[in-house]
**Student:** 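Quick one: the structure is below, questions incoming.
The first residue in the sequence is number 1, and the count goes up from there. Order of appearance sets the numbers: ligands from 1, and atoms from 1 within every ligand.
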Amino acid sequence: MTHSLEKLPVLCIGSVLWDIIGRSSSAMRQGSDVPGRITRVPGGVAMNIAMALARFDVPCELLSAVGRDAAGDGLLAQARARGLGVAHLYRSEDLPTDSYMAIEGANGLIAAIADAHSLEQAGDKILRALEHGPLGTVQAPFGGTIALDGNLTLDLLRRIAKSAIFARADLRVAPASPGKAERLAPFFGHAGTTFYVNLEEAGLLCHSGFDSAQTAARAMVERGATRALVTDGGKAAAFATADLCLVQTPPPVLVARVTGAGDTFMAAHIAAERNAAAPDIALSAALTAAAAYVSGETPL
Ligand SMILES: Nc1ncnc2c1ncn2[C@@H]1O[C@H](COP(=O)(O)OP(=O)(O)OP(=O)(O)O)[C@@H](O)[C@H]1O
Ligand SMILES: O=c1[nH]cc([C@@H]2O[C@H](CO)[C@@H](O)[C@H]2O)c(=O)[nH]1
C-alpha cells in the first residue's frame, strides 16, 4: 500500500441496496391498507455507514455485490454523487441488486423484509480487492479501518474473523438487524474488533437481557469483545474495554427521526478516533452527532 494510515479510506463491507419504505401517519396492524407515501432511497447497513462517514468528510470505499441492472446503476450513481468509492464493488452479471422493504405506521415499524440474497450468494467475491489487491493482499493485508455489517452469511463472517487478509485491520462491526445480531459472534475473541450495538443486540449476542448500556458493554467484554460500544436511544451509552468503562448520556433532543441513529453514532465515533480523539471525547462526539441527527438537525 502506498497510502499513509490516516489517508487510507474506510472500507464499508456489507449491504448496498435500495430501501423501499412505505410510511403512513395512521397506526397500523397486520392487514392494514391505508393511505401513505412510498419512497425508494439508498440503504443497506454498509451503504448507510458510508453515507454517514461521508457527512463527516471521511473517505470510504464500498465492498459489496450490486447487479448489472438498472437498480444497480442507480445505486452507483447515488454513491458517486456522495463521493463514495465504488471502484471495487462486485458487479454481478446474473445476480439482481438487493432490496429492503419496510412498512412504518404511526406506531413505529410494522414489518420489514431484507432481501440480501445476492450479497449472500456473491460470498467472498466481494473481498477480491482485499485479497488480490489493490486494497491488500495476504502478504500485505489492509491496515486501515473496516466497517463490516452483519448481512454477510455466518459462514463468511466466521472466515473473515480467522482470515489473514483482515489480520491487520481496525475492524468495526455492526449488526444488520436484531435477527442477524448473532452472526457477529465470531468476532468475540478477535483482538482487532470494536462492536457497535444497541442494548437489544447486546442482549442477543450475550444471550442475556440488560437494563443499562453500562452492564451490557461490560458483559460484551466479558463475552470476548475487545472493545464494545452500546447505545440505548436517549439513555446513557457505554464504551468498554478490558480496563475501561465510560458511560455518557446523549444531549436531550426532540426526536424527529430514529432510523439511522446507530449508523450516525458509529460513523461519528470512527471519524473522531481517526482524528486521534481520546476515548471520552470520541464517545461524546458520537453521542452529540447522533442526537443532532435524530433531532433532524443533520441533512440526509
Ligand atoms: N431520544 C433520543 N435522544 C437523544 N439522542 C438519541 C435519541 N435516540 C437516539 N439518540 C442518539 O442516537 C444514538 C443511537 O441510538 P440507538 O441506541 O437508538 O441506536 P440504534 O437502535 O442502533 O438505532 P437505529 O437502528 O434506529 O439506527 C444514541 O446513543 C444517541 O446518541
Ligand atoms: O437485514 C437487514 N435489515 C436492515 C438493513 C438496513 O438497515 C436499515 C434499516 O434499519 C435499512 O437501510 C436497511 O436497508 C439491512 O441492511 N439488512
**Student:** Spell out, as yes or no, whether a donor-acceptor pair under 3.5 Å connects the side chain of Thr97 to the backbone of Gly67.
**Tutor:** yes
**Student:** At a non-hydrogen distance cut-off of under 4.0 Å, which region of Thr264 contacts ligand 1 (side chain, backbone, both, or neither)?
**Tutor:**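 Neither; no heavy atom under 4.0 Å.
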**Student:** Among all protein heavy atoms, pick out the one at the shortest distance from atom 9 (C) of ligand 2; state its residue, atom name and that distance to 0.1 Å.
**Tutor:**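 For atom 9 (C) of ligand 2, the nearest protein heavy atom is Tyr100 OH, 3.8 Å.
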**Student:** Quick test: of every protein heavy atom, which one is nearest to atom 8 (C) of ligand 2, and how far off is it to 0.1 Å?
**Tutor:**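 Its nearest protein heavy-atom neighbour is Asn48 ND2, 3.7 Å.
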**Student:** Return the option from Ala290, Ala291, Gly262, Pro250 holding the heavy atom at the smallest distance from atom 23 (O) of ligand 1.
**Tutor:** Gly262
**Student:** Give a yes or no answer on whether the side chain of Ser32 reaches the backbone of Arg29 with a donor-acceptor pair at less than 3.5 Å.
**Tutor:**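 It does hold such a pair.
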**Student:** Identify the heavy atoms of Phe142 and Pro9 that sit nearest to each other, and give their distance.
**Tutor:** CZ-O, 3.5 Å
**Student:** What is the minimum heavy-atom distance between Ile49 and Ala174, and which atoms define it?
**Tutor:**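 That closest heavy-atom pairing would be CD1-CB, 4.4 Å.
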**Student:** Ignoring hydrogens and angles, tell me if any N or O in the side chain of Thr226 forms a donor-acceptor pair with the backbone of His190 under 3.5 Å.
**Tutor:** yes
**Student:** Is it the case that ligand 1 has an N or O less than 3.5 angstrom from some N or O of Ala261?
**Tutor:**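 Between Ala261 and ligand 1, an N or O pair is found under 3.5 Å apart.
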**Student:** Is a donor on one side and an acceptor on the other found under 3.5 Å between the side chain of Asp149 and the backbone of Ala46?
**Tutor:**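 The answer is yes, because a donor-acceptor pair under 3.5 Å joins these two groups.
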**Student:** Do me a favour and list the nearest non-hydrogen protein atom to atom 16 (O) of ligand 2 with residue, atom name and distance?
**Tutor:**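 Protein heavy atom at minimum distance: Asn151 ND2, 2.9 Å.
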**Student:** Do any nitrogen or oxygen atoms of Gly43 lie less than 3.5 angstrom from nitrogen or oxygen atoms of ligand 2?
**Tutor:** no
**Student:** Below 3.5 Å, N or O to N or O, backbone or side chain included: is there any such pair between Leu287 and ligand 1?
**Tutor:** yes
**Student:** Please confirm whether the backbone N or O of Leu127 pairs with a side-chain atom of Tyr90, one donor and one acceptor, at under 3.5 Å?
**Tutor:** no
**Student:** Pick, from Gly234, Ser284, Ala237, Ala174, the option with the minimum heavy-atom distance to atom 7 (C) of ligand 1.
**Tutor:** Gly234
**Student:** In ligand 2, which numbered atoms sit nearer than 4.0 Å to a non-hydrogen atom of Leu17?
**Tutor:** 14 (O)
**Student:** What about Asp263: any of its N or O atoms under 3.5 Å from an N or O on ligand 1?
**Tutor:** no
**Student:** Would you mind listing which atoms of ligand 1 come within a distance below 4.0 Å of any non-hydrogen atom of Val255?
**Tutor:**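 Selected atoms, number and element: 1 (N), 2 (C).
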**Student:** List ligand 2 atoms under 4.0 Å from Asp19, heavy atoms only on the residue side.
**Tutor:** 11 (C), 12 (O), 13 (C), 14 (O)
**Student:** Show me which atoms of ligand 1 lie under 4.0 Å from any heavy atom of Val253.
**Tutor:**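 Answer for ligand 1: 3 (N), 4 (C).
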**Student:** Using a 3.5 Å distance criterion without hydrogens, assess whether the side chain of Ser24 forms a donor-acceptor pair with backbone atoms of Gly36.
**Tutor:**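 Not confirmed, Ser24 side chain does not pair with Gly36 backbone.
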**Student:** Identify the protein heavy atom lying closest to atom 1 (O) of ligand 2, giving its residue, its atom name and the separation to 0.1 Å.
**Tutor:**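 Nearest neighbour among protein heavy atoms for atom 1 (O) of ligand 2, to 0.1 Å: Lys180 NZ, 2.8 Å.
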**Student:** Kindly say whether Met28 contributes a backbone atom to a donor-acceptor pair with the side chain of Ser26 at under 3.5 angstrom?
**Tutor:** no
**Student:** In terms of atom number and element, which parts of ligand 1 are under 4.0 angstrom from non-hydrogen atoms of Asp232?
**Tutor:**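 Ligand 1 atoms under the 4.0 Å threshold to Asp232: 17 (O).
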**Student:** Considering the heavy atoms of Ser15, write down every atom of ligand 2 situated less than 4.0 Å from one of them.
**Tutor:** 16 (O)
**Student:** Give the atoms of ligand 2, by number and element, whose distance to some non-hydrogen atom of Ala114 is under 4.0 Å.
**Tutor:** 1 (O), 2 (C), 3 (N)
**Student:** Taking atom CD1 as the centre, does Ile38 end up with more than 12 heavy-atom neighbours from other residues, nucleotides or ligands that are less than 6.0 angstrom away?
**Tutor:** no
**Student:** Ser64 side chain to Gly14 main-chain N or O, any donor-acceptor pair under 3.5 Å?
**Tutor:** yes
**Student:** Tell me, which protein residue and heavy-atom name are nearest atom 19 (O) of ligand 1, and how many Å apart are they?
**Tutor:**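 Going by distance alone, atom 19 (O) of ligand 1 is nearest to Thr231 OG1, 3.6 Å.
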**Student:** Are any of the N/O atoms on Asn198, whether in the backbone or the side chain, positioned under 3.5 angstrom from an N/O atom of ligand 1?
**Tutor:**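 Yes, since at least one N or O of Asn198 sits under 3.5 Å from an N or O of ligand 1.
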**Student:** Can you pull out the closest protein heavy atom to atom 7 (O) of ligand 2? Residue, atom name and distance to 0.1 Å, please.
**Tutor:** Val45 CG2, 3.9 Å
**Student:** Would you say atom 25 (O) of ligand 1 makes contact with the protein, given that contact here means a non-hydrogen protein atom less than 4.0 Å away?
**Tutor:** no
**Student:** Nearest heavy atom to atom 30 (C) of ligand 1: which of Ala52, Ala213, Gly233 does it belong to?
**Tutor:**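 It is Gly233 whose heavy atom sits nearest to atom 30 (C) of ligand 1.
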**Student:** Give me the one residue out of Leu130, Ile146, Val86, Leu89 that meets side chain to side chain contact (heavy atoms under 4.5 Å, CB included) with Leu63.
**Tutor:** Leu130
**Student:** Say whether, by atom type as modelled, one donor and one acceptor occur between the side chain of Asn275 and the main chain of Ala277 under 3.5 angstrom.
**Tutor:**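 No; zero donor-acceptor contacts below 3.5 Å.
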**Student:** When the ring planes of His269 and Tyr196 are compared, do they come out parallel, tilted or perpendicular, using 30° and 60° as the limits?
**Tutor:** perpendicular
**Student:** Taking the non-hydrogen atoms of Gly44, is any one of them nearer than 4.0 angstrom to ligand 2?
**Tutor:** yes
**Student:** Test your reading of the model: is there a side-chain donor-acceptor pair from Asp98 to the backbone of Ser118, 3.5 Å cut-off?
**Tutor:**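 Pair found, side chain donor or acceptor close to backbone of Ser118.
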**Student:** Would you say Thr259 has any N or O atom under 3.5 Å from an N or O of ligand 2, going by distance alone?
**Tutor:**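 N/O-N/O distance under 3.5 Å: no.
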**Student:** Show which atoms of ligand 1 fall inside a sub-4.0 Å distance from at least one heavy-atom site of Pro251.
**Tutor:** 4 (C)
**Student:** Roughly how far, to the nearest 0.5 Å, is the CG atom of Leu229 from the CG atom of Leu287?
**Tutor:** 9.0 Å
**Student:** Among all protein heavy atoms, pick out the one at the shortest distance from atom 3 (N) of ligand 2; state its residue, atom name and that distance to 0.1 Å.
**Tutor:** Ala176 O, 3.5 Å
